[in-house]
Amino acid sequence: QVQLVESGGGLVQAGGSLRLSCAASGRTVSPYGMGWFRHAPGKEREFVAAINWSATSTYYIDSVRGRFTISRDNAKNTVYLQIDSLKPEDTAVYYCARHRLPYYSGSRGSYSDSGPYDYWGQGTQITVSS
């Protein structure tokens, strides 16, 4: 069993920055790709970013590319999402999730679909004021 706990969310003004953390416990997530998703009120949950198990590939939706950076520290069993230049439309609950396939180096499509993720955190709220 894997537990994922997100932290680092909060209320921030537009243009500000936050760093989200996703700490895993129970089992190591180092062999697994990890993703971040978000869910805004009235909208579908959407993929935000992902990183493969070896950190050699990262993927982003176009709306966050250049502002969000996903990274991982396998020694700490933690994945991060650095968020800069926040916009009001980034307001959402952000979730991290573990891709179910170990040592998988698939394409962006395989990471942007929520189906292949088997463990999810409880989410952390980001609210961006204009």
Side-chain angles (χ1 to χ4, degrees):
Q1 197 75 357
V2 175
Q3 293 80 41
L4 301 175
V5 179
E6 303 94 337
S7 61
L11 173 63
V12 63
Q13 288 188 330
S17 297
L18 287 172
R19 188 195 196 201
L20 304 185
S21 297
C22 172
S25 62
R27 300 182 69 175
T28 178
V29 294
S30 61
Y32 298 88
M34 299 292 293
W36 286 94
F37 291 76
R38 66 186 179 186
H39 191 188
K43 296 184 179 181
E44 298 281 327
R45 181 175 59 187
E46 68 172 350
F47 165 77
V48 174
I51 186 167
N52 70 348
W53 68 275
S54 59
T56 54
S57 295
T58 57
Y59 308 95
Y60 302 92
I61 53 169
D62 290 343
S63 61
V64 308
R65 195 182 310 277
R67 299 190 297 119
F68 289 23
T69 304
I70 188 171
S71 62
R72 65 190 303 159
D73 185 338
N74 286 337
K76 296 183 178 180
N77 221 20
T78 300
V79 179
Y80 304 98
L81 187 67
Q82 176 68 39
I83 306 175
D84 299 316
S85 303
L86 276 157
K87 302 177 180 181
E89 52 263 42
D90 295 321
T91 295
V93 178
Y94 284 72
Y95 300 89
C96 68
R98 190 192 81 164
H99 197 281
R100 68 175 68 247
L101 298 176
Y103 306 109
Y104 179 70
S105 295
S107 63
R108 180 186 183 282
S110 64
Y111 283 100
S112 62
D113 183 355
S114 61
Y117 292 86
D118 55 0
Y119 290 99
W120 294 78
Q122 84 292 344
T124 185
Q125 173 75 47
I126 293 179
T127 303
V128 184
S129 63
S130 57

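Every value quoted in this text rests on a predicted model; they were computed, and no experiment measured them. When reading the values below, keep in mind they use all heavy atoms of this one structure, side chains included, and skip hydrogens, waters and symmetry mates.
- Here the rule is side-chain contact (heavy atoms from CB on, under 4.5 Å) with T124, and of L18, V5, L20 only L20 fits it.
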message = The test is side chain to side chain contact (heavy atoms under 4.5 Å, CB included); show your working for W120 and C96 and say whether it passes.
response = CA-CA 6 Å; W120 294 78; C96 68; over 6 Å; no
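- With R45 contributing its side chain and R38 its backbone, the two residues share no donor-acceptor pair below 3.5 Å.
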request  = Check the pair W36 / C22 against side chain to side chain contact (heavy atoms under 4.5 Å, CB included), numbers first and verdict last.
outcome  = CA-CA 9 Å; W36 286 94; C22 172; 3.6 Å; yes
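- A cation-pi arrangement is absent between R98 and W53 under the rule of less than 6.0 angstrom and at most 45 degrees off the ring axis.
- Residues Q82 and I70 have side chains not in contact (no heavy-atom distance under 4.5 Å, counting atoms from C-beta outward).
- A perpendicular orientation is assigned to the rings of Y117 and F37, their planes being inclined by more than 60° (bins at 30° and 60°).
- Side chain to side chain, T78 and D73 fail the donor-acceptor criterion of an N or O pair below 3.5 Å.
- A donor-acceptor pair is defined here as one N or O able to donate and one able to accept, closer than 3.5 Å; no such pair exists between the side chain of S21 and the backbone of A23.
- Under the 4.5 Å side-chain criterion, counting only non-hydrogen atoms from C-beta, T28 is not in contact with N74.
- Judged purely by atom type and a 3.5 angstrom limit, D84 has no side-chain atom pairing as donor or acceptor with the backbone of S17.
- Summarising the geometry, atom CG belonging to L101 is positioned 8.0 Å from atom OH belonging to Y111; distances are rounded to the nearest 0.5 Å.
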inquiry  = Using side chain to side chain contact (heavy atoms under 4.5 Å, CB included), reason through Q1 and R27 one step at a time and then give a plain yes or no.
reply    = CA-CA 7 Å; Q1 197 75 357; R27 300 182 69 175; 6.0 Å; no
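- Here K87 does not pair with D90 in a salt bridge; the nearest charged N to carboxylate O distance is not below 4.0 Å.
- A donor-acceptor distance shorter than 3.5 angstrom exists from the side chain of E6 to the backbone of Q122, with no hydrogens or angles considered.
- For the atom pair NE2 (H39) and OG (S114), the distance works out to 11.0 Å, reported to the nearest 0.5 Å.
- Proximity of a side-chain donor or acceptor of Y94 to a complementary backbone N or O of L81 within less than 3.5 Å is not detected.
- What you find for A24 and L4 is that their closest heavy atoms are CB-CD2, 3.6 Å.
- Judged by distance alone, the side chain of R65 and the main-chain N or O of Y60 form a donor-acceptor pair under 3.5 Å.
- Two residues are said to be in side-chain contact when any heavy atoms from C-beta on lie closer than 4.5 Å; S54 and Y103 fail this criterion.
- When atom types are taken as modelled, the side chain of H99 and the backbone of A50 share no donor-acceptor pair closer than 3.5 angstrom.
- Between V2 and V29, some side-chain heavy-atom pair lies under the 4.5 Å cut-off.
- Within the 3.5 Å criterion, the main-chain N or O of F47 finds no donor-acceptor partner in the side chain of S112.
- A cation-pi arrangement, defined by a distance under 6.0 Å to the six-membered ring centre and an angle within 45 degrees of its axis, is present between R19 and Y80.
- Note on Y32 and I51: separate hydrophobic clusters, where clusters join Ile, Leu, Val, Met, Phe, Trp and Tyr whose side-chain heavy atoms are under 4.5 Å apart, directly or indirectly.
- Within 6.0 Å of CZ on R100 lie more than 12 heavy atoms contributed by other residues, nucleotides or ligands.
- When all heavy atoms of A14 and P88 are compared, the pair lying nearest together is CB-CD, 4.2 Å.
- With hydrogens and angles ignored, the 3.5 Å screen pairs a side-chain donor or acceptor of N52 with a backbone N or O of A55.
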